[in-house]
Amino acid sequence: MNLAVTPAVTPELLLSRIRVVLCRPSHPGNIGAAARAMKTMGLASLVLVAPKQFPDPEADTRATGAVDLLGRAKITSTLSEALHGCGYAMALSARRRDLGPVPETSRSAVGRLLAEAAHGDVALVFGNETVGLSNEEIQLCQAAVSIPTNPDFSSLNLGSAVQVLCYECRMAAYGDLPPLAGQGVTAFSSAAASHDEVEGFFEHLVAVMSHSGFYNPAQPGRLLPKLRRLFGRVRLEKDEVNILRGILSSTQQKTGHGRRED
Ligand code: SAH
């Protein structure tokens, strides 16, 4: 196998291969809400099977910044057509059905969905707001999935059900650690300090504490392990090491203790 030309299976690629299929949605607002739910979680492919009313201004309003997904949405007349080219499809249903695949919970089911997405396109299939999916539609899918809910009130709004599934997919695609929006780009943070930068700080600290008499190398006690434990709890950043060493250097200057070179 020539690894150089094999596309890397990234979380983004897996999410881009998940098609959200809405069967016979009656409320355009729910189509917009589904688009928004998808885009927030990194999914982009929306397929509408015989929507009652689409396009519609209410769908655009509810999609807010995700109208681009609505513009690219594919419209088909049957679920079979919507699943064209898909290797694996999951039917979402609030109710237990006698026919079709054995139902499983959404969290456990998305692992299989993503494993299948490594090989090609897959689908999450949602039903109509009033009647859900038909038995025939469920039987076109390889898995049946329920979001665990209050047994006395189990049916979510369509847009909310899409949101829950897209969120589960995102969490699973990133191994439960998706990056947070804006993470690592605050002006406030700097890169993690390296091993030698942290060790340089400890040496500097020991020199200052020895000079002041706070630390006696002849009777070290537990001071240094305790300090290592303290600083080990935080992942020191480069800027933070520079600040701490700046404090130590200024103390050395005031007390006439030449700055140690390391
Ligand atoms: N009254 C319908 C539910 C309609 S809700 C029924 O009894 O089937 C619209 C769609 O949202 C459902 O078809 C299903 O795809 C999804 N949905 C809502 N609640 C769900 C749940 N608890 N688990 C899985 N899918 C759910």
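These values consider heavy atoms only, across backbone and side chains, with no hydrogens, waters or symmetry-generated copies. Position 1 is the first residue of the sequence, and the numbers go up from there. Just so you know, ligand 1 is whichever comes first in the structure, and atom 1 is the first atom listed for that ligand.
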contact_flag Asn128 ligand 1 heavy-atom lt 4.0 Å: yes
Short N or O distance, Leu92 and ligand 1, threshold 3.5 Å exclusive: yes
Main-chain N/O of Gly85 paired with Asp121 side-chain donor or acceptor, under 3.5 Å: no
Contact check: Ile147 vs ligand 1, nitrogen or oxygen atoms, below 3.5 angstrom: yes
For Thr149, atoms of ligand 1 separated by under 4.0 Å from a heavy atom: 22 (N)
Residue, atom name and distance, where the atom is the protein heavy atom closest to atom 4 (C) of ligand 1: Glu129 O, 3.2 Å
Short side-chain to backbone donor-acceptor contact, Glu116 and Leu113, under 3.5 Å: no
Sub-3.5 Å N/O-N/O distance, Leu156 and ligand 1: yes
Ligand 1 to Val145 polar contact by distance, N or O atoms, under 3.5 Å: no
Side-chain donor or acceptor of Glu168 paired with backbone N/O of Arg107 under 3.5 Å: no
Side chain Arg19, main chain Ala82, donor-acceptor under 3.5 Å: yes
Distance from atom 25 (N) of ligand 1 to nearest protein heavy atom, with residue and atom: Ser93 N, 3.5 Å
For Thr130, atoms of ligand 1 separated by under 4.0 Å from a heavy atom: 1 (N), 2 (C)
Backbone N/O of Ser93 and side chain of Ser146: donor-acceptor pair under 3.5 Å: yes
Numbering as shown, the atoms of ligand 1 that approach Ser146 to under 4.0 Å (heavy-atom distance): 23 (N), 24 (C)
Contacting atoms of ligand 1, where contact means under 4.0 angstrom from a heavy atom of Ala161: 11 (O), 16 (C), 17 (N), 18 (C)
N or O pair under 3.5 Å between Ser154 and ligand 1: yes
Which segment of Ala91 sits under 4.0 Å of ligand 1 when only heavy atoms are counted: neither
Protein heavy-atom partner closest to atom 6 (C) of ligand 1 - residue, atom, separation in Å: Arg95 NE, 3.4 Å
N/O donor-acceptor pair under 3.5 Å between Ser212 side chain and Phe214 backbone: yes
Under 3.5 Å: donor-acceptor pair, side chain of Arg170, backbone of Met41: yes
Parallel, tilted or perpendicular: rings of Phe231 and Phe202 (30°, 60°): perpendicular
Residues, nucleotides or ligands: over 12 heavy atoms within 6.0 Å of Tyr167 OH: no
Donor-acceptor contact below 3.5 Å, side chain Glu197 vs main chain Ser194: yes
Nearest protein heavy atom with distance in Å, relative to atom 12 (C) of ligand 1: Gly127 N, 3.9 Å
Element-labelled atoms of ligand 1 that are located less than 4.0 Å from some non-hydrogen atom of Ser155: 3 (C), 4 (C), 5 (S), 19 (N)
Contact atoms of ligand 1, heavy-atom distance to Phe126 under 4.0 Å: 15 (O)
Minimum-distance protein heavy atom relative to atom 20 (C) of ligand 1: Ala94 CB, 3.6 Å
Cationic N near anionic O, under 4.0 Å, Arg228 to Glu199: yes
